[in-house]
Amino acid sequence: DTAVSQTPKYLVTQMGNDKSIKCEQNLGHDTMYWYKQDSKKFLKIMFSYNNKELIINETVPNRFSPKSPDKAHLNLHINSLELGDSAVYFCASSARRSRGQNSTDTQYFGPGTRLTVL
Amino acid sequence: GNSVTQMEGPVTLSEEAFLTINCTYTATGYPSLFWYVQYPGEGLQLLLKATKADDKGSNKGFEATYRKETTSFHLEKGSVQVSDSAVYFCALRSTGNQFYFGTGTSLTVIP
């Protein structure tokens with residue numbers, strides 16, 4: 001019963017290609033996220049998304065775009081891949097609470113997709 | 001604004017040593033605080049959490065207390081094991097429902 005799953009686990013591709021990473025959660029959460037983790041383990045938020053709001057980290061190049069066919073899925077599309085895109089990408093999800101309420105909900109992470117751009 | 005600062009690693013300890021990984025935060029309102037652990041080759045897993053001041057989160061022998069007066073949430077374990085070798089992330093969830101992570105602290109426990 002995988003809570004947050006990602007495919008593929010490993011992705012090796014050439015510079016300039018376009019690729020997608022898929023993410024699915026079966027937790028009934030309404031907010032999903034994409035993170036990039038570099039070789040030093042630094043975790044950078046790229047996007048957070050629910051059915052009403054997409055929040056983009058302004059440092060993310062517009063070659064990266066999230067696509068959500070439904071609440072349980074948030075896929076990451078990357079156009080014109082560059083060497084610096086090599087990293088591990090994590091999907092995560094959480095339940096959203098209204099502003100002002102004391103939320104106790106946790107963010108659950110997928111196993112990661114290791115992207116290598118050659 | 002909101003942010004999390006945690007002590008830089010890497011940290012190397014002998015088995016059965018005492019562990020402290022410092023974490024301090026800046027936040028408006030009353031955030032929830034978390035420690036996540038990432039074992040080699042895996043995703044992040046929740047280790048423990050605390051939702052209000054003076055709460056203590058605990059799991060697998062690890063503890064952290066939400067200290068509002070010092071804006072801290074330090075992670076401690078009395079006796080580490082080789083299997084605790086991992087990267088540990090401190091995080092907060094703001095009252096605006098945004099998550100903020102620290103830079104991670106790598107822990108290696110040697111037999």
Side-chain angles (χ1 to χ4, degrees), chain A residues 2-7 9-10 21 23-25 27 29-57 87-114, chain B residues 1-11 21 23 27-55 57 59 66 68 85-108:
Chain A
T2 304
V4 183
S5 59
Q6 296 178 227
T7 54
K9 188 169 175 63
Y10 300 96
I21 305 172
C23 177
E24 177 181 2
Q25 55 93 5
L27 297 166
H29 288 164
D30 52 13
T31 305
M32 297 182 72
Y33 311 78
W34 277 105
Y35 289 86
K36 178 181 180 181
Q37 186 176 49
D38 63 22
S39 58
K40 295 183 179 179
K41 302 298 185 184
F42 181 69
L43 204 60
K44 172 184 168 182
I45 180 79
M46 301 177 72
F47 306 101
S48 69
Y49 181 80
N50 65 20
N51 57 358
K52 297 180 182 177
E53 186 178 20
L54 171 64
I55 300 175
I56 303 172
N57 183 328
V88 180
Y89 292 84
F90 287 101
C91 177
S93 72
S94 70
R96 186 173 176 87
R97 289 292 181 265
S98 300
R99 193 177 290 272
Q101 290 184 350
N102 194 11
S103 169
T104 61
D105 284 298
T106 302
Q107 206 169 66
Y108 293 86
F109 283 78
T113 296
R114 181 174 294 278
Chain B
N2 299 301
S3 67
V4 175
T5 303
Q6 63 181 99
M7 87 189 235
E8 292 192 18
V11 174
I21 301 178
C23 172
T28 53
Y30 301 93
S32 295
L33 301 174
F34 305 84
W35 276 101
Y36 282 83
V37 58
Q38 183 181 26
Y39 297 106
E42 298 184 12
L44 279 72
Q45 305 172 24
L46 177 69
L47 180 60
L48 53 85
K49 66 181 181 183
T51 59
K52 62 183 187 297
D54 299 325
D55 269 3
N59 185 25
Y66 189 144
K68 193 163 177 64
S85 298
V87 181
Y88 292 82
F89 292 89
C90 185
L92 74 80
R93 179 171 182 160
S94 70
T95 50
N97 291 317
Q98 295 296 318
F99 283 85
Y100 300 84
F101 282 81
T103 52
T105 302
S106 174
L107 169 67
T108 301

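Sequence lines set the chain letters: A, B, ... in the order given, protein chains first and strands last, and positions in each chain run from 1.
Neither the backbone nor the side chain of A:Gln6 comes within less than 4.5 Å of any heavy atom in chain B. Looking at A:Phe42, the atoms closer than 4.5 Å to chain B (heavy atoms on both sides) sit in the backbone and in the side chain alike. Neither the backbone nor the side chain of B:Tyr100 comes within less than 4.5 Å of any heavy atom of chain A. Of the two parts of B:Gln45, neither the backbone nor the side chain holds a non-hydrogen atom closer than 4.5 Å to a non-hydrogen atom of chain A. If you measure heavy-atom distances from B:Leu46 to chain A, the contacts under 4.5 Å come from the side chain alone. Contacts between A:Lys44 and chain B at a heavy-atom distance below 4.5 Å are absent for every atom of the residue.
A:Cys23 has its side chain within reach of A:Val4: a pair of non-hydrogen atoms, C-beta onward, lies under 4.5 Å apart.
Looking only at distances, no side-chain donor or acceptor of B:Tyr36 sits under 3.5 Å from a matching main-chain atom of B:Gly43. Side chain of B:Thr105 to main chain of B:Met7: a donor-acceptor pair is present (N/O by atom type, distance under 3.5 Å, no hydrogens or angles).
Aromatic ring centres of A:Phe109 and B:Phe101: separated by under 6.0 Å.
Taking CG of A:Asp30 as the reference point, atom OG of A:Ser94 lies at 7.0 Å (rounded to 0.5 Å).
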